[in-house]
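Below, read A as the first sequence line, B as the second, and so on, with proteins coming before strands; counting in each chain starts at 1. Only heavy atoms go into these numbers, but all of them, side chains included; no hydrogens, no water, no symmetry mates.
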Amino acid sequence: MKPLLRIPDIVWRVEKRREAETLDALERGEDVAERGTVILIISGMMHQLNLVGGMIWSRCDGSRTEQQIIEEMAAEFDVDLTVLADDVHEFIADLLQRGWLTHG
Amino acid sequence: MADNFTDLFSAPLTFNWTLSYRCNFSCSHCYSRDEKVPELPTSDILRIVDILVEKQVPFINFGGGEPLIRDDLYEVAAYASQRGLNVSMNSNGWLLDRAAAQRLKDAGFKSVGLSIDSSCGASHDDFRNMPGAFERAVAALDALREVGLKSTMSSVISRINFQSFRELLQLAREHGVGQVYLHNFKCSGRGFKNREELDLTPEEWKAFYIEALAVKAASKDLLISFDDPVIASLPGYDENPLVKGSTCGKLSLNLRPNGDITPCGFIPVVVGNILTDDFDHLWYESPVLKKMRSKEAQGKCAGCGAFEDCLGGCTARSFATTGDFDQPDPHCWK
């Protein structure tokens with residue numbers, strides 16, 4: 001499997017303060033699934049990715065395969081590996097279908 | 001509203017950056033012709049680029065004054081683009097020959113905008129108070145096309161062109177322009193002094209936008225953009241902007257030649273200086289920015305059903321004519 005690469009034309013950034021607040025909320029056991037931490041500007045439209053989505057997106061820099069991303073995420077989150085792998089795969093498949101990622 | 005913005009955004013998406021107020025033109029509507037502030041040396045400008053990179057501001061757009069007046073524009077742009085910023089500029093085109101176009105491309109510019117206000121050369125030259133301005137601006141568009149640098153066209157809508165904007169769009173098509181900005185007229189600087197002569201009535205603005213939006217919807221080969229929040233009060237308007245109301249102070253900020261920050265180029269209220277103040281504190285705590293992000297319906301806006309979409313229209317125009325951010329936009333037709 002080839003590494004995953006973000007489309008270069010997409011402007012994005014990690015909203016660091018929001019990310020730090022979200023990590024704190026996660027520590028407290030709160031549901032952070034709906035909290036955006038990364039913004040993408042695509043064709044004049046803004047999209048938000050949540051903490052997990054943002055971490056996957058940030059890693060799609062052309063140096064990691066999907067499997068490598070799953071392994072890195074597994075080291076950061078105390079979650080079932082099968083569930084994590086399914087979630088990452090589903091997310092990446094969606095971004096590939098949107099044309100926001102390619103297999104570089 | 002303020003919390004919503006600063007809860008997510010840690011910085012604006014765009015800095016509109018005036019390196020110099022100096023200009024080789026003397027236009028009838030210029031907001032900055034009478035502005036005089038010291039300019040920064042190149043070393044300080046590069047420090048500002050570093051700050052913008054650190055704050056993850058993705059876009060900078062050089063305006064003016066005429067950006068090409070400063071010899072270090074290419075150096076600054078090259079440094080900014082190498083550091084990952086998306087760099088663009090607006091120019092009157094007088095100094096933009098083929099060699100300059102190539103240098104702009106080599107410096108990493110993503111696009112260059114040309115200000116053209118009429119498809120009639122004599123009318124444009126008269127508006128810009130510069131004989132030959134139209135010819136050189138159009139030649140600049142061609143030079144950009146020749147070197148493969150994306151061009152845009154900016155046209156300030158006023159009495160000289162609101163009935164002939166289709167010809168402006170056709171001019172853009174003929175010269176390879178991909179996007180045209182039909183800017184709303186701002187009552188700042190000379191624009192304020194000359195507004196009776198140049199500005200439209202609210203009903204004329206309404207008719208213009210209805211017509212221009214229909215043209216935009218039918219235009220498949222040219223992107224047409226507006227920057228007027230008052231549009232949102234039109235019945236059936238269904239575009240979904242990143243934010244409601246003015247984008248100034250929310251998605252964009254303005255940098256003056258001495259590093260002072262204002263909400264936008266048309267609101268001469270300094271919120272701080274990017275070189276001497278803590279940017280995060282300004283962004284999150286500036287009373288001026290908070291006020292702009294938290295407009296309250298005043299005057300005829302109070303009770304108006306459109307307020308939640310237009311947020312009172314253009315804050316710069318309200319401020320220029322009343323001194324109050326919250327007063328209704330004088331262009332409002334409701």
Open item on the list: I'd like to know whether NZ of Lys150(B) has more than 12 heavy-atom contacts from other residues, nucleotides or ligands below 6.0 angstrom.
Closed with: no
Open item on the list: Within this structure, what is the CE-CG distance for the pair Met46(A) and Leu251(B), rounded to the nearest 0.5 Å?
Closed with: 8.0 Å
Open item on the list: How long is the straight-line distance from CZ of Arg13(A) back to NZ of Lys55(B), given to the nearest 0.5 Å?
Closed with: 11.0 Å
Open item on the list: Around atom CD of Glu27(A), are there more than 12 heavy atoms from other residues, nucleotides or ligands closer than 6.0 Å?
Closed with: no
Task: Beyond-backbone contact of Leu13(B) with Val11(A), side-chain heavy atoms, under 4.5 angstrom - done: no
Open item on the list: What part of Glu19(A) gets within 4.5 angstrom of chain B, counting heavy atoms only: side chain, backbone, both, or neither?
Closed with: neither
TODO: Decide yes or no on side chain to side chain contact (heavy atoms under 4.5 Å, CB included) for Gln56(B) and Glu15(A), but give the supporting numbers first.
DONE: CA-CA 9 Å; Gln56(B) 297 185 288; Glu15(A) 294 294 348; 5.7 Å; no
TODO: Measure distances from Asp280(B) to the heavy atoms of chain A and classify the residue's part below 4.5 Å as side chain, backbone, both or neither.
DONE: neither
Task: Row check, Phe9(B) ring normal vs Arg17(A) NZ/CZ: under 6.0 Å, within 45° - done: no
